[in-house]
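Here's the structure we're looking at; comments come further down.
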Number of protein chains: 2
Amino acid sequence: MQPPFHRLEEFVGLTPSDINLVRGWAANPRRVARHQPIRREGDPVNGVFFLLAGWAASSVILRDGQRQVIKVHLPGDMLGFPSLVLSSAGETLEAITDVSLCPIPNAAIGRLIEHNPRLTAALLLNTQKERVALMQALTWIGSASALARMAAFLLDLHDRLDSAGLVIDGTFDFPLTQQFIGDLLGLTAVHVNRTLKRLDATGYVDRKKGQITILDFEGLRSVSPNLPPEPAGRAAWSRIGGKA
Amino acid sequence: MQPPFHRLEEFVGLTPSDINLVRGWAANPRRVARHQPIRREGDPVNGVFFLLAGWAASSVILRDGQRQVIKVHLPGDMLGFPSLVLSSAGETLEAITDVSLCPIPNAAIGRLIEHNPRLTAALLLNTQKERVALMQALTWIGSASALARMAAFLLDLHDRLDSAGLVIDGTFDFPLTQQFIGDLLGLTAVHVNRTLKRLDATGYVDRKKGQITILDFEGLRSVSPNLPPEPAGRAAWSRIGGKA
DNA sequence: CGGTCCGTTGAGAGTGATCAACGTTAGTGG
DNA sequence: CCACTAACGTTGATCACTCTCAACGGACCG
């Protein structure tokens, strides 16, 4: 199977040798069954993970038992990067669906920085995009209503799935429980249910089992707290002096 | 004045030539008066900023006018990095106090990645630490009470100021309005006032004009939603194969 | 001295949480 | 293939944390 390059290639064009390097990573994927942990908070940090297929989640547990889901990861994402600066993993990574991913050991990251400026730039810029996504999430959760958060989440998810080629006609798989969405958006499962029902009743979305269809993008955007920032694409690379 | 190296050197030991390079950046600092913008959302992205002295903030505005403060920046921080992947700045940077900072143009970042793996690693790891901080903030705002958020914020601020050498005996400057804290923690200014008063009345903190003293660290930690993750320090660099 | 910003305090309202119950779906084992 | 069970989704009633609106005092600045 062709690894999902769309995230790595978003800002930097990869050379054939870069592509081969990544393909080398993806040669022996590790499979994890849905609902199984990939790496737990507190585990040793042996490297990062490149998600090849399936959905994953990263989350943090608070002392009172509350869980905050940080992000839903889709194919093409790099997982576990932030924990590189911690003495043990700072987030739990788990499979939402069956997933296929390849571990990238610490030493490989060091070699990359040392010898491959182009892929390093791709990683560095990708990380900045993750920061932008976190800033967005923080903004939604910090200052938008439940309805607005949900709308923003669904639109964002749609766009990310679309980039990965996983949307057909506004319809996409949706393997998330309402409890999970609650932990992601800072709401209770009960309120998630009411909010989704409201979006459904208004005609913005349609819910089937395990799938969602966005019926009215404009409507969703109108209740969304903001418009997503426009990515720079390859211009980001050329701006900092990169050669095509 | 000696530039604040403590952030850049946290994970990677810098060589004398690295240090000189950074000193070169800091040779001609730009000064910005308090409450003045450094760069506005939507402005062109000409580079990033290295904060030499003073406090700054990054924030995002929502369509309904709500402001979410993303982070309070202290001396030694790099500002505006996430916007590198956007077609225009995705966050507003502004001076909280009078500020001294040096602009690092885009091209300098590209040259760094190309020619200086050590400083590149320092930047990459620093960015991961920023992601961890964002994850923390998201967790607090998503699933902790006003009191817990405030406690966590004060403890975190104390620790960061301490790293920069700006704390004396638990006391530090505190130039933030309650409105600002509200925008940071996802609360209203009124509720910030009540929450701070509660922490004060309980004896956890003492407020003087423009300053705060933390009187009872254990007490604050006990109401805080979690303990901060432990940074790996230089081990992060050696783990990925970096030479001392 | 007057104006503006900031902090403080009170009263009332509302969004979302909590508690609880029930129906439905999916997974498991006989 | 069916019975059993646990997980998930749905709905109602009530509660409370935080917001909203409003007013006032003090500090700083022109």
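Below, read A as the first sequence line, B as the second, and so on, with proteins coming before strands; counting in each chain starts at 1. Since this is a predicted model, take the numbers as computed values, not measurements. Values below: every heavy atom of this structure, side chains too, minus hydrogens, waters and symmetry copies.
The nearest whole Å value for the distance from the NE2 atom in B:H191 to the C1' atom in C:dG14 is 14 Å. Rounded to an integer number of Å, the gap from CZ of B:F180 to C1' of C:dC5 is 17 Å. As a whole-Å value, the separation of A:D183 CG from C:dA17 P is 11 Å. Distance, A:L187 CG to C:dT18 P: 11 Å, rounded to whole Å. If you take CD of A:Q178 and P of C:dG16, they are 16 Å apart, rounded to a whole angstrom. Rounding to whole angstrom units, CG of residue A:L147 and P of C:dG14 are separated by 18 Å. Per the geometry, NE2 belonging to A:H35 stands 13 Å off P belonging to C:dA26, to the nearest Å.
Taking side-chain N and O atoms only, B:N193 has no distance below 4.0 Å to OP1 or OP2 of C:dG7. At the phosphate of C:dA17, OP1 or OP2 sits under 4.0 Å from a side-chain N or O atom of A:T188. The shortest distance between the side-chain N/O atoms of B:K197 and the OP1/OP2 oxygens of C:dT9 is below 4.0 Å.
The pair B:R31-B:D98 does not count as a salt bridge, with every side-chain nitrogen at least 4.0 angstrom from each carboxylate oxygen. Between A:E91 and B:R131, none of the side-chain N atoms (NZ, or NE/NH1/NH2) sits under 4.0 Å from a carboxylate O, so this pair counts as no salt bridge. Salt bridge annotation for B:E130-B:K71: present, with a cationic side-chain nitrogen under 4.0 angstrom from a carboxylate oxygen.
With sequence neighbours excluded, the residues satisfying side chain to side chain donor-acceptor pair (under 3.5 Å) with B:R207 are B:D200.
The number of heavy atoms from other shown groups lying within 6.0 Å of CZ (A:R198) does not exceed 12. Shown here is A:R40, whose CZ atom has no more than 12 heavy atoms of other residues, nucleotides or ligands within 6.0 Å.
Distance from the side chain of B:R194 is smallest to C:dA11 among C:dA11, C:dG27, C:dG16. In the set C:dA26, C:dA20, C:dG16, C:dA26 carries the atom at the smallest distance from any side-chain atom of A:K209.
Along DNA chain D, the stretch of nucleotides lying under 4.0 Å from any heavy atom of chain A spans, 5' to 3', D:dC8 to D:dA13.
No engagement by B:R149 is indicated, since no non-hydrogen atom pair under 4.0 Å with the nucleic acid exists. If you check every strand for non-hydrogen atoms under 4.0 Å, B:G210 touches nothing. Counting non-hydrogen atoms under 4.0 angstrom, A:R198 reaches nothing in the nucleic acid.
In terms of modelled atom types and a separation under 3.5 Å, the side chain of A:D77 and the main chain of A:L74 share a donor-acceptor contact. A donor-acceptor contact shorter than 3.5 Å is absent between the side chain of A:D183 and the backbone of A:V69.
Using a 4.5 Å heavy-atom cutoff, the side chains of B:F50 and B:L101 are not in contact.
With axes fitted over five pairs at each extremity, the angle between the ends of the helix from C:dC1-D:dG30 to C:dG30-D:dC1 is 50° (10° resolution).
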I'd like to know whether A:Q2 forms a side chain to side chain contact (heavy atoms under 4.5 Å, CB included) with A:R23, so could you lay out the CA-CA distance, the side-chain angles of the two residues, the decisive distance to 0.1 Å, and finally the verdict.
CA-CA 8 Å; A:Q2 179 76 321; A:R23 257 200 262 273; 2.6 Å; yes
